[in-house]
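Okay, structure first, notes after.
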Amino acid sequence: MEVVIVPDAMAGGELIAEALAALLRRKPDALLGVATGSTPLPIYQALAAQVRAGSVDAARARVCQLDEYVGLPAGHPESYRSVVLREVVEPLGLGADSFMGPDGAAEDVQAACEAYDRALREAGGVDLQLLGIGTDGHIGFNEPCSSLASRTRIKTLTQQTRKDNARFFDSLDEVPHHVITQGIGTILEARHLVLLATGAGKADAVARAVEGPLTALVPASALQLHPHATVVVDEAAASRLKLADYFRATYAAKPHWQGL
Ligand code: F6R
């Protein structure tokens, strides 16, 4: 995988937004896989600024969710559907029908998971999937020991992830225990994976994912299996990478027109 070290979260957001803009110029109806949480917000803000400035037209872009809480009432502001509508769909000026996600309120959750996997394939597959990383190494909500071949399914959040996400809710008790998440096998079907990690709290997970062995214990290490995976990290999140200097030199020597 390619590792790109940037000075800070803002620079990471701008770099990835430029990759998304380049994709949309090549393929205006590209299917963009979006992650939620705090990390990707600078990406969405930078892309929305490009749309406002007229340097990219996102009108035909399609967006799909990576995961969704199970059991939140419809329209809950922290459901990932609400977050994606608020942070991505509205700022980019996309229509509500350009957006798909798993149904976290479905009575038959298993059927909803299978339907979502099918819908992603029928939509032609994800062109670029954005990812964050959990402090425990999860991608999407594939917690440690998720099958590397897993498909979209229901998962139980670890207590660590519930604590990490409690900042979005009034209390830890309100954080759902269950989620629907694209499986690791599903994620690996996207044509390009772009993971952004920022802050010292992610340094250990990043080092284990990038330089450690491929292991279900660190779900993000599955990116090692993908032919086009890019990991963008700020200096703090890169602080435990043994090969940081090599990654810097490699990226510095890369022709600028290649993009991410
Ligand atoms: C959420 C998701 C998660 C987050 C991860 C990091 O859609 O895919 O894997 O990316 O939990 O969250 P933040 O960015 O809030 O640290």
Side-chain angles (χ1 to χ4, degrees), residues 6 8-10 12-13 16 32-46 63-70 72 76-89 99-104 113 116 120 126 128-146 150 152-169 172 175-188 190 193-206 208-209 216 218-223 229-234 236-237:
V6 292
D8 53 30
M10 188 82 83
I16 297 173
L32 312 177
V34 293
T36 46
S38 313
T39 311
L41 295 179
I43 306 172
Y44 306 141
Q45 286 154 9
V63 167
C64 61
Q65 274 173 244
L66 192 50
D67 39 28
E68 181 57 281
Y69 288 117
V70 171
L72 288 183
H76 189 289
E78 293 308 327
S79 76
Y80 284 163
R81 182 182 175 83
S82 299
V83 172
V84 170
L85 286 171
R86 192 167 64 235
E87 304 292 353
V88 184
V89 173
F99 159 70
M100 52 204 256
D103 182 0
C113 294
Y116 190 53
L120 291 172
V126 177
L128 188 155
Q129 177 65 57
L130 296 172
L131 298 166
I133 185 169
T135 53
D136 62 2
H138 69 228
I139 47 172
F141 277 127
N142 294 284
E143 296 286 29
C145 287
S146 290
S150 48
T152 300
R153 69 215 183 290
I154 190 164
K155 286 293 288 181
T156 304
L157 295 177
T158 61
Q159 193 62 356
Q160 179 63 52
T161 300
R162 291 187 65 246
K163 280 187 191 152
D164 288 346
N165 285 8
R167 68 192 191 281
F168 296 110
F169 294 84
L172 178 58
V175 183
H177 287 267
H178 295 104
V179 289
I180 292 177
T181 180
Q182 285 188 32
I184 297 175
T186 315
I187 291 170
L188 290 176
L193 300 179
V194 179
L195 185 149
L196 176 64
T198 54
K202 299 291 174 70
D204 186 49
V206 166
R208 293 170 76 208
V218 184
S221 68
L223 267 67
T230 309
V231 175
V232 179
V233 283
D234 68 359

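In this chain, numbering begins with 1 at the start of the sequence shown. Both counts, for ligands and for their atoms, begin at 1 and track the order of listing. The figures here come from the full heavy-atom set of this structure, side chains too, leaving out hydrogens, waters and symmetry mates.
- The backbone N or O of Val84 lies less than 3.5 Å from no partner atom in the side chain of Gln65, so there is not a single donor-acceptor pair.
- Without hydrogens or angle criteria, Arg81 side chain to Asp103 main chain gives no donor-acceptor distance under 3.5 Å.
- Contacts between Arg167 and ligand 1, counted as non-hydrogen atom pairs separated by less than 4.0 Å, involve the side chain only.
- Annotation for ligand 1: atoms under 4.0 Å from non-hydrogen atoms of Thr39 are 13 (P), 14 (O), 16 (O).
- Between Arg153 and Ile180 there is no side-chain heavy-atom pair separated by less than 4.5 Å.
- Closest to atom 11 (O) of ligand 1 among all protein heavy atoms lies His138 NE2, 2.7 Å.
- Between the side chain of Arg162 and the backbone N or O of Leu172, at least one donor-acceptor pair lies under 3.5 Å.
- Looking at Arg167, its side chain does come within 3.5 Å of a backbone N or O of Asp164 through a donor-acceptor pair.
- Protein heavy atom closest to atom 8 (O) of ligand 1, with residue, atom name and distance, is Asp67 OD2, 3.1 Å.
- The single protein non-hydrogen atom nearest to atom 16 (O) of ligand 1 is Lys202 NZ, 2.7 Å, given as residue, atom name and distance.
- Side-chain polar atoms of Thr158 and Glu143 form a donor-acceptor pair below 3.5 angstrom.
- Of all protein heavy atoms, the one lying nearest to atom 6 (C) of ligand 1 is Ile133 O, 3.4 Å.
- In the candidate list Gly134, Gly132, Gly140, Ala205, Gly140 is nearest to atom 9 (O) of ligand 1, counting heavy atoms.
- The shortest N or O to N or O distance between Thr36 and ligand 1 is below 3.5 Å.
- Of all the atoms in ligand 1, the ones that sit under 4.0 Å from a non-hydrogen atom of Leu66 are 8 (O).
- Less than 6.0 angstrom separates the ring centroid of Phe169 from the ring centroid of Tyr69.
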